[in-house]
Amino acid sequence: MELSKTFEPKAAEERWYQQWIELGYFTADPAKPGEAFSIVIPPPNVTGQLHLGHALNVTLQDVIVRTRRMQGRNTLWVPGTDHAGIATQNVVEREIAKEGLNRHQLGRTAFEQRVWKWREAYGGRILHQLRMLGASCDWSREHFTLDPDLSRAVNEVFVRLHRDGLIYRDRQLINWCPRCETALSDLEVEHRDTDGHLYYIKYPLVDGSGAITVATTRPETMLGDTAVAVSPDDVRYRAMVGKRVRLPLIGREIEVIADAAVDSQFGTGAVKITPAHDFNDFVMGRRHGLAEISVMDTRGRMNAEAGPYQGLSIKEAREAVVNDLKAQGLLEKIEPHRHAVGACSRCDTTVEPLLSFQWFVKIAPLAEKAIAAVRDGRTRFHPKFWENTYFGWLENVHDWCISRQLWWGHRIPAWRCSRCEHFTVAAEPPSRCEKCEGTDLIQEEDVLDTWFSSALWPFSTLGWPNDTADLKRYYPTSLLITGFDIIFFWVARMMMMGLYCLDDVPFRDVYITPLVRDQHGKKMTKSRGNVVDPLVIMEDYGTDAVRFTLAQLAVQGRDLILADDRLAASKAFANKIWNAARFVMMNLKDAPQPIPSVKAERLGLAERWILDRLNHAVKGVTEAIDAYQFNVAALAIYQFIWHEFCDWYIELSKEPLKAGGESQAAARYVLVRCFDQLLRLLHPFMPFISEEIWQTIRPYIDERNLPAHVAIAKFPQADADLLSNEERVAMDHCIAATEAINSLRSLLGFHPGQQSTVFVRPLSSGGAGGDGSSGGMSTDNFAAELAAWKPYAMTRTKAESLEILANGAQRPAGMVTTVLEWAEISVKAAEGFDFEKARNALRKKLAEISAHHEQHLRRLSNPDFQAKAADEMKLQIEQRAEELGGQRKLLEAQLQLLGGAG
RNA sequence: GGGCGGUUAGCUCAGCGGUAGAGCAUCGGCCUUACAAGCCGAGGGUCGCAGGUUCGAAACCUGCACCGCCCACCA
């Protein structure tokens, strides 16, 4: 088989993905054997378009999933999408706004139909994009959070929580978005420091004995004040506590109360209390039994309670109130003041605290279990420091407001009785009120926070509340891979719900992905216009290259900066692999059949060495993946493929391949063996190119029951060591020697075609200085030693240098080094060779080596080191010192030959 | 106000107790028939600052500085 000159990513991507799907490779079967490995995708919003966060997330999941599948695990990856209540509703509302409509004009049913239509048109888009990335999800198990079975799970959980007293309905102060006209949870409010003002307002005492001045950032809410509070320790106001003040503009009499929550240092030390419009005030108000007067409506306009200000917007009301106070001489002063203002995370509108009836989840009992599960290691975070974030939130979290005044979502399974106002909570529509037997029941209009259904995702998608085979086999899931930004929204809530509903954690491990930034390290945001579209870079560099780059940059605990040069490097890597494949195929073309394996003892040193390095790579990759160190795994593959297999083994194989006979057969076998294995190793990272190449090499692989695709081939496992320590050292020396030769050749300006002479001295030949000790070598000694050395051509190729090793040092367990012959130097000198430059370079290197060498010797002679260091460490240092001594001596010799000794 | 990350070569980042590394960029030499998206070399770092622990610290501890992020009801 032939490979085309270059790799065409696009064609390969489509071809292989389609085949994998058709053959059902990604479809899980709980009845099949194998330890389960399961993972649920963080369901992207149906409104979503693929962005780099998804690309990273999905790539890492796919790396793990493909690896586990190839390792023979019973693997399930559940895909799907989230209905994303408020986000999707906003998108469709914007769309109908273009037609001059709003949702109220359309009505609930028609609006919902519009959203469903929208989802039919665009809901598949993001999933299609995940397929393009190569995601090996089980598409037969695709779910949508509003699917009937998932909705059933939602109702079931709601009913159970309600039965257990963990869901309640109450009139509370909640966050309200006046534009979306819905309640929000604490998490959906983004606090931003904003420049505002602190207004000092005088409240006259009813008894005429003066006034008390309060400081506020929101003068318009004074219309709803029901008290003024001071600190009980504040001597300035002690006499006023219990007195009454007249609320300006409105005229209501309110009391001055004492409460420890008041900070006497802030403002005037007296604070107006508006229970219906401030969270602190609300708590204090309930403590003191104060009236809760709401002065705003749900659209952020002043209501009847605001008296003359009714109908004004908040901003207008503020201006009017301030002007009126000023006119009445009750405004003492205005100071600039910076403070946090909450904004709706969806539409950025300033959020108002609003008093209303809402449904809440009582968090404390659920949070307690969720905390314990991580504390005792049933679920582990990677990197671990995210556990602190998780704990910090759960330990302080308030009850969760789950009702939303939206239309797109799971309608709350509660029915209000028109007779007694009681809500009957049930999974199915009840026929009569559970309290008064009334039959006129109307379902609650509100829907649930979109995160309520997301919280059930790990088990609702597996069939819960039914006791399905999937649920038994795949719950708890093995791993969750997601971003830090939804640890609170999603991870913590899944933990709580999983533990509540199934009494077990929803996942064993949580891997928190880094944030993807642009090449300047900036966060990608629409407003900055620096958002990189993954589809575009996949087009430019190939999906494999994008995946590999993301994996390579996915370091635990640090943001990820995606730069073009990295992508280019990965593309070059793909090209390198492609060309290596072409080389291999070129040398196999007359053998379109399995190449029989060759026993290790019949393989040459180079062959055993590369198989040994393969082992090493397999170990490295496997361990790194197990530890979720994707960058380490990617680097290990890269190193092996490029710098060991391509740089060395392919070069070393050229001679035997040319030679024919047994050595050729051995080389062919090893080429195929290595390539097969490295493609399997690579497959989770670069699924398309690995499949493309593997298909051409497949006919040559000698393995029983070889599968049709690498996607389901057995993942490599490390074999027993193939090399003795001695041989490993010998190969290291071969490489070091060749590098030394190249370095010297380069230094002297040899062209690749030019021959030169090298001397190789096996360590066993002994001679002066052969013990590796330090110290200079005299010219006499050196000449004597030189006589014992064998001259060889200073090679052009790596293959030749291996030959040097084989011939020059029969037992290659010796130090090999190079020295130039005088004659060659003379030739170069005649051509204008710069001796001084060469000598300086050698001197510099010599100084470095000498310094290191002496450092080691000092360490070895240090009594403390001798007393305290472990034997293994001592041995290591001794060996290193010996090597350094040798290198040092050789550099001295080389320098001497160049006339720079002494 | 709490908490969490980061600070290593020009750039982007690994390393986290025993000679400071990679990719890209730079410089020099090569079209050596798998690959010029390549090959062979070279230069470049007091590992943010200050103390401490250790025979030995980029790594461990304690402060500090700067950058970034998260949480928080000071009106």
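So that the names make sense, note that chain A is the first sequence line, chain B the second, and so on, each numbered from 1. The structure presented is a predicted model; accordingly, all values stated were derived computationally and were not measured.
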Measure [atom1]/[X] against [atom2]/[N] and give the value in whole Å, please.
X: A/D263; N: B/rA72; atom1: CG; atom2: P; answer: 20 Å
X: A/L562; N: B/rG23; atom1: CG; atom2: C1'; answer: 14 Å
X: A/D225; N: B/rA75; atom1: CG; atom2: P; answer: 16 Å
X: A/I273; N: B/rA75; atom1: CD1; atom2: C1'; answer: 8 Å
X: A/L553; N: B/rG23; atom1: CG; atom2: P; answer: 14 Å
X: A/L394; N: B/rG3; atom1: CG; atom2: P; answer: 19 Å
X: A/N396; N: B/rC70; atom1: CG; atom2: C1'; answer: 13 Å
X: A/F488; N: B/rC4; atom1: CZ; atom2: P; answer: 13 Å

Please give the distance between the [atom1] atoms of [N] and [M] as a whole number of Å.
N: B/rC64; M: B/rG45; atom1: C1'; answer: 23 Å
N: B/rG28; M: B/rC35; atom1: C1'; answer: 22 Å
N: B/rC61; M: B/rC74; atom1: C1'; answer: 36 Å
N: B/rA58; M: B/rC16; atom1: P; answer: 15 Å
N: B/rU53; M: B/rU62; atom1: C1'; answer: 11 Å
N: B/rG63; M: B/rC4; atom1: P; answer: 12 Å
N: B/rA36; M: B/rG17; atom1: P; answer: 42 Å
N: B/rC39; M: B/rU32; atom1: P; answer: 14 Å

Got a salt bridge between A/K10 and A/E8, using NZ or NE/NH1/NH2 to carboxylate O under 4.0 Å?
->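 Salt bridge flag = no for A/E8 with A/K10.
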Salt-bridged, A/E878 to A/R859, with N to O below 4.0 Å?
->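 A salt bridge is absent here (no side-chain N lies under 4.0 Å from a carboxylate O).
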Check for a donor-acceptor pair, side chain of [X] on one end and backbone N or O of [Y] on the other, with a separation under 3.5 Å.
X: A/T268; Y: A/T213; result: yes
X: A/D278; Y: A/D281; result: yes
X: A/K202; Y: A/E332; result: no

Can you check whether [X] has a side-chain N or O nearer than 4.0 Å to OP1 or OP2 of [N]?
X: A/K654; N: B/rU32; result: no
X: A/H277; N: B/rA75; result: no
X: A/K5; N: B/rA34; result: no

[X] near the nucleic acid: base, sugar-phosphate alone, or nothing, with a heavy-atom cut-off under 4.0 Å?
X: A/T389; value: nothing
X: A/I650; value: base
X: A/N862; value: sugar-phosphate
X: A/V214; value: nothing
X: A/F385; value: sugar-phosphate

Check whether the ring centres of [X] and [Y] lie less than 6.0 Å apart, and answer yes or no.
X: A/F7; Y: A/W578; result: yes
X: A/F484; Y: A/F385; result: no
X: A/F266; Y: A/H337; result: yes

With the side chain of [X] defined as its heavy atoms from C-beta on, choose the nearest nucleotide among [options].
X: A/D647; options: B/rC4, B/rC39, B/rA34; result: B/rC39
X: A/R582; options: B/rC35, B/rC74, B/rA72; result: B/rC35
X: A/H852; options: B/rA34, B/rA75, B/rA20; result: B/rA20
X: A/H398; options: B/rC73, B/rA34, B/rC74; result: B/rC73

Plane angle bin for A/F645 and A/F675 - parallel if under 30°, tilted between 30 and 60°, otherwise perpendicular =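 Aromatic pair A/F675/A/F645 classed tilted.
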Between atom CG of A/D544 and atom CD1 of A/I577, what is the distance when rounded to the nearest 0.5 Å?
->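 Reported to 0.5 Å precision, the distance equals 8.5 Å.
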From CG (A/D225) to OG1 (A/T216), nearest 0.5 Å |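 These two atoms lie 7.5 Å from each other.
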Does A/A261 or A/T6 map to a spot on RNA chain B nearer the 5' end, using the closest nucleotide for each?
->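 Upstream on the strand: A/T6.
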If you find the nucleotide of RNA chain B closest to A/H643 and the one closest to A/V189, which residue's nucleotide is nearer the 5' end?
->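 Upstream on the strand: A/H643.
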Between protein and nucleotides 24-27 of chain B, what N or O pairs are separated by less than 3.5 Å?
unit_1, atom_1, unit_2, atom_2, d
B/rC24, O2', A/D565, OD2, 3.2

Before giving the answer on ring-ring contact (aromatic ring centres under 6.0 Å, His included), spell out for A/H382 and A/Y628 the whole-Å C-alpha distance, their side-chain angles and the decisive distance to 0.1 Å.
-> CA-CA 8 Å; A/H382 310 269; A/Y628 307 119; 4.9 Å; yes
How does RNA chain B look in dot-bracket notation if pairs are Watson-Crick or G-U with both distances under 3.5 Å, crossing ones as [ ], other-strand ones as |?
-> (((((((..((((....[..)))).(((((.......))))).....(((((..]....))))))))))))....
